[in-house]
A.B. asks: 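Before I ask anything, let me first share the structure, which is written out below as structure tokens.
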Amino acid sequence: MESIENISERAHALLAKFYGYRSFRPGQLKAIEAICEGRDVVVVMPTGGGKSICYQLPALLADTGVAIVVSPLIALMQDQTQALVANGIPAAAIHSNQSEAENAEIMRAASAGRIKLLYVSPERLMTLLDSWSNARISLVAIDEAHCISQWGHDFRPDYTALGKIRQICPDVPIMALTATADEHTRADIISQLGLSDPWCWLGSFDRPNISLSVIPNPGIDSRVRTIISLVRKYPQDSGISYCLSRAGAEKMHAHLTAKGIRSVCYHAGMTPEARTRSLQAFLKGSASVCCATVAFGMGIDKSNIRWVVHNNMPANIESYYQEIGRAGRDGMPAEAILFFSLADMITLRKFADESGRVAVNNEKLERMLEYAQARLCRRRILLSYFGEERSHDCGNCDVCRRPPERFDGTVVAQKAMSALLRAPGSAIGAGTLSAILRGIRRSDIVREGLHNIKTFGAGADIDATHWASYITQMVQLGVLSIDYTQGNRLMPTVFGRRVLAGEKLILARYQPPEAPAKRKRGKAEPTPTLNPVEQLFEQLKTVRTDVARTENLPPYIIFSDATLMDMATKRPTTIDEFMQVNGVGEKKAVRYGKRFIAAVRKFEGLATGSAAGTSLKETLILFNAGVPLGEIASIKNIKLSTVYSHIAALIDNDMITTYGTFLSRKQYETIKAAFASNPETAYSILADEGFDDGLIAVAKAVERAAARRNNTQ
Ligand code: ADP
Ligand code: ZN
């Protein structure tokens, strides 16, 4: 067995080579070491925490065998394999969107050891393990492992079959990974998978780069305005607008489209083709907003999602946290905004009551409401839900930025309650109550004679938005209750009657939403207000968009925003400097380096032609990375003969001193002998024997190198 030091050293080398990262995040290396020692591992990290590397690196560290990764969604598998292949790691997925012939080909490649990571769905895994007993499996990773637990919020029956893995291959270590698991769920994952004394990592759930805010009771105009201001603020990036219903998603999509925003829709009511089209447009960056139901997003590893807006409140904090976690996966600033309304609260309460797990779901809803109505730092509320207590406010939520002002709301509450009590015969909901208080002569109000009650118009000094906010607070504080069985009628509670009798009630003053700070005017054109780093960052994004288009890959697979930001800061003008950028591994350096370096050079006012020697240097990097010459040619999109000429030049400069991988001793001797016996005819004789001109040039360079060494001895 390998020593830990050795694993750590090799793991760091592979991390730099394939991913271009210099260091591991908390928990990653320990998880890698544990699984390499043959232990089972459980990794709980928030979305964006860096779970993938925990199983991908052990797959690379294993000299033989394939790592199997179980994943619940095809989109997720495709995304991951695309990202791996872009980094030069052989990975593939087996799923029903591919022909069985393709799947069979991938299986053959995997059992022949040509694939390091193989993604499969749970049900395919079982048939695969049965038919595959003698192929070497380095590890089994189970992504979204909470799906195995009935305790979790996303139970999937097909995950239960995974309990058999341990029996089928008892010697293969298992790694379970999830972003959401309370203690119950964690214990359940361990017992259902039959993990033995697993090494567990419970990462911090904090995502400090995501700013949190809640906008209470916004009307549709205000919602659309908020989303449009986010689109303007992040013109090159994208965001998700979540709705509870398909109709809601369609409606928002229509509103945004009418305002000229590039938006797509995504929900389960669309045809699979239409959904794929939406997803592709969103991933490739041609749409800046996806109006979706929560069916969208699981496993969307798009790192430049800058904002997530919830048009409806989710039923629990786990879901909310997972959904907003799709923003800012690259660690750069991102925003999560929740639109909160009484109507949602009513709907969710009804769902919870009808769910069959009334107590649990109501409790979860209660905690979500606590977040939405928070008077204290929202991040502290979120984190305490996941068992992380903080002693400091975060400074990056709306409550921290603008603490709500409280006021004596006794009179406000009394007006509301007396209106209700004066019309005992009518079922008055929140909207109607607000209209009565503001003195609106709506036809239904007049029909029921509600315009005659004494408090009609008693709250005309407060507008509809404010009333909506105060009524919501009164429900939250238990002054009013909602009777769901009678058309959501509002009723004063016992506590409410005490307030009516004079007991003091403190309410939070309604605060209009913060005007989103304008980051930039106009479109992609950098304005003088941007500092140089930001200007270059914007230009590099444009290069990324172009490269993504020619490569037919989503921009975030090319480079993440965090990588572009590091690039804009370091400003590499040579391939060596380019490789120092965080997130630039060998393959991407060579494949994309030239275009980005040219952009930096242009920005710096330097000549943009590729710096002398860049191409040679790239060939050397790839050669040292063990890439065969034919593959170097295809990665760099140059002729094999050019690669040979590079190799010859590198040998002449003593930068390559081992030749075994491209020139056998026998080939060398044959070429040497041909020239020794007749230099005039050597080329044609060798050509007849199938020798490439390039290889001949290389052999001659080797001969020169040997002569140099003999001379110096
Ligand atoms: P998760 O699966 O936990 O949601 P990912 O594995 O997709 O998260 O990682 C999120 C982002 O963080 C990715 O862009 C990934 O490349 C990046 N990342 C992961 N580990 C590191 C690291 N050690 N250094 C820098 N970036 C990292
Ligand atoms: Zn805060």
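Counting starts at 1 for both ligands and their atoms, following the listed order.
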A.B. asks: Hey, does Gly48 come in under 3.5 Å of ligand 1, counting only N/O atoms on both sides?
C.D. replies: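 Yes, since at least one N or O of Gly48 sits under 3.5 Å from an N or O of ligand 1.
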A.B. asks: Does Ser23 have a heavy atom less than 4.0 Å from any atom of ligand 1?
C.D. replies: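 True for this residue.
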A.B. asks: Report the part of Ser560 in contact with ligand 1, treating N, CA, C, O as backbone and CB onward as side chain, heavy atoms under 4.0 Å; options are side chain, backbone, both, neither.
C.D. replies: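 For Ser560, no heavy atom sits under 4.0 Å from ligand 1.
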A.B. asks: Side chain, backbone, both or neither: which part of Ala562 comes within less than 4.0 Å of ligand 1 when only heavy atoms are counted?
C.D. replies: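 The answer is neither.
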A.B. asks: Scan side-chain atoms only and decide if Thr293 and His267 contain a donor-acceptor pair under the 3.5 Å cut-off.
C.D. replies: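 Side chains of Thr293 and His267: no pair found under 3.5 Å.
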A.B. asks: Taking the Zn ion (ligand 2) as the vertex, how big is the angle to SG in Cys397 and SG in Cys377, rounded to 10°?
C.D. replies: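 Computed angle, vertex at the Zn ion (ligand 2), rounded to 10 degrees: 120°.
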A.B. asks: With nothing but distance in play, are any N or O atoms of Leu15 less than 3.5 Å from an N or O of ligand 1?
C.D. replies: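 No; every N/O pair is 3.5 Å or more apart.
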A.B. asks: Give the atom numbers and elements of ligand 1 that come within less than 4.0 Å of a heavy atom of Arg329.
C.D. replies: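 Under 4.0 Å from Arg329, ligand 1 has these atoms: 1 (P), 2 (O), 4 (O), 5 (P), 7 (O), 8 (O), 11 (C).
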A.B. asks: Kindly say whether Arg25 contributes a backbone atom to a donor-acceptor pair with the side chain of Gln28 at under 3.5 angstrom?
C.D. replies: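 Confirmed, Gln28 side chain pairs with Arg25 backbone.
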A.B. asks: Any idea which atoms of ligand 1 are less than 4.0 Å away from a heavy-atom of Phe24?
C.D. replies: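 Under 4.0 Å from Phe24, ligand 1 has these atoms: 23 (N).
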A.B. asks: Answer with yes or no after comparing the ring centroid distance for His310 and Phe339 against a 6.0 Å cut-off, counting only values under it.
C.D. replies: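 No - the distance between ring centres of His310 and Phe339 does not fall below the 6.0 Å cut-off.
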A.B. asks: By number and element, which atoms of ligand 1 are closer than 4.0 Å to a non-hydrogen atom of Ile53?
C.D. replies: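 Result: 19 (C), 20 (N).
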A.B. asks: At under 4.0 Å between heavy atoms, which part of Pro46 makes contact with ligand 1: side chain, backbone, both or neither?
C.D. replies: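 Backbone only.
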A.B. asks: Take Asp143 and Lys51 through the test salt bridge (charged side-chain N to carboxylate O under 4.0 Å, His left out) and record every step on the way to the result.
C.D. replies: CA-CA 9 Å; Asp143 207 4; Lys51 288 186 288 298; 6.0 Å; no
A.B. asks: How are the rings of Tyr321 and Phe205 set to each other: parallel, tilted or perpendicular (split at 30° and 60°)?
C.D. replies: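 Rings of Tyr321 and Phe205: tilted, 30 to 60°.
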A.B. asks: Are the aromatic rings of His146 and Tyr159 close, with centres under 6.0 Å apart?
C.D. replies: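 Ring centroids of His146 and Tyr159 are no less than 6.0 Å from each other.
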A.B. asks: Take atom CZ of Arg509 as the centre, draw a 6.0 Å sphere, and report whether it contains more than 12 heavy atoms from other residues, nucleotides or ligands.
C.D. replies: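 Atom CZ in Arg509 is packed in, count exceeds 12.
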A.B. asks: Starting from the C-alpha separation in whole Å, work towards a yes-or-no answer on side-chain contact (heavy atoms from CB on, under 4.5 Å) for Leu117 and Tyr119.
C.D. replies: CA-CA 7 Å; Leu117 286 124; Tyr119 286 77; 4.3 Å; yes
A.B. asks: With heavy atoms of Ser52 as the reference, note each atom of ligand 1 found under 4.0 Å away.
C.D. replies: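 In order of number, 2 (O), 5 (P), 6 (O), 7 (O).
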A.B. asks: Heavy-atom contacts under 4.0 Å between Met45 and ligand 1: side chain, backbone, both, or neither?
C.D. replies: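 Neither part.
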A.B. asks: Heavy atoms only, cut-off 4.0 Å: how does Tyr21 contact ligand 1, side chain, backbone, both, or neither?
C.D. replies: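 Under 4.0 Å from ligand 1, Tyr21 contributes side-chain atoms alone.
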A.B. asks: Taking distance alone, with N or O pairs closer than 3.5 Å, would you say Asn582 contacts ligand 1?
C.D. replies: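 Such a contact does not occur with ligand 1.
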A.B. asks: About how many Å separate OH of Tyr385 and CE of Met368, when rounded to the nearest 0.5 Å?
C.D. replies: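 Separation between the atoms: 10.0 Å.
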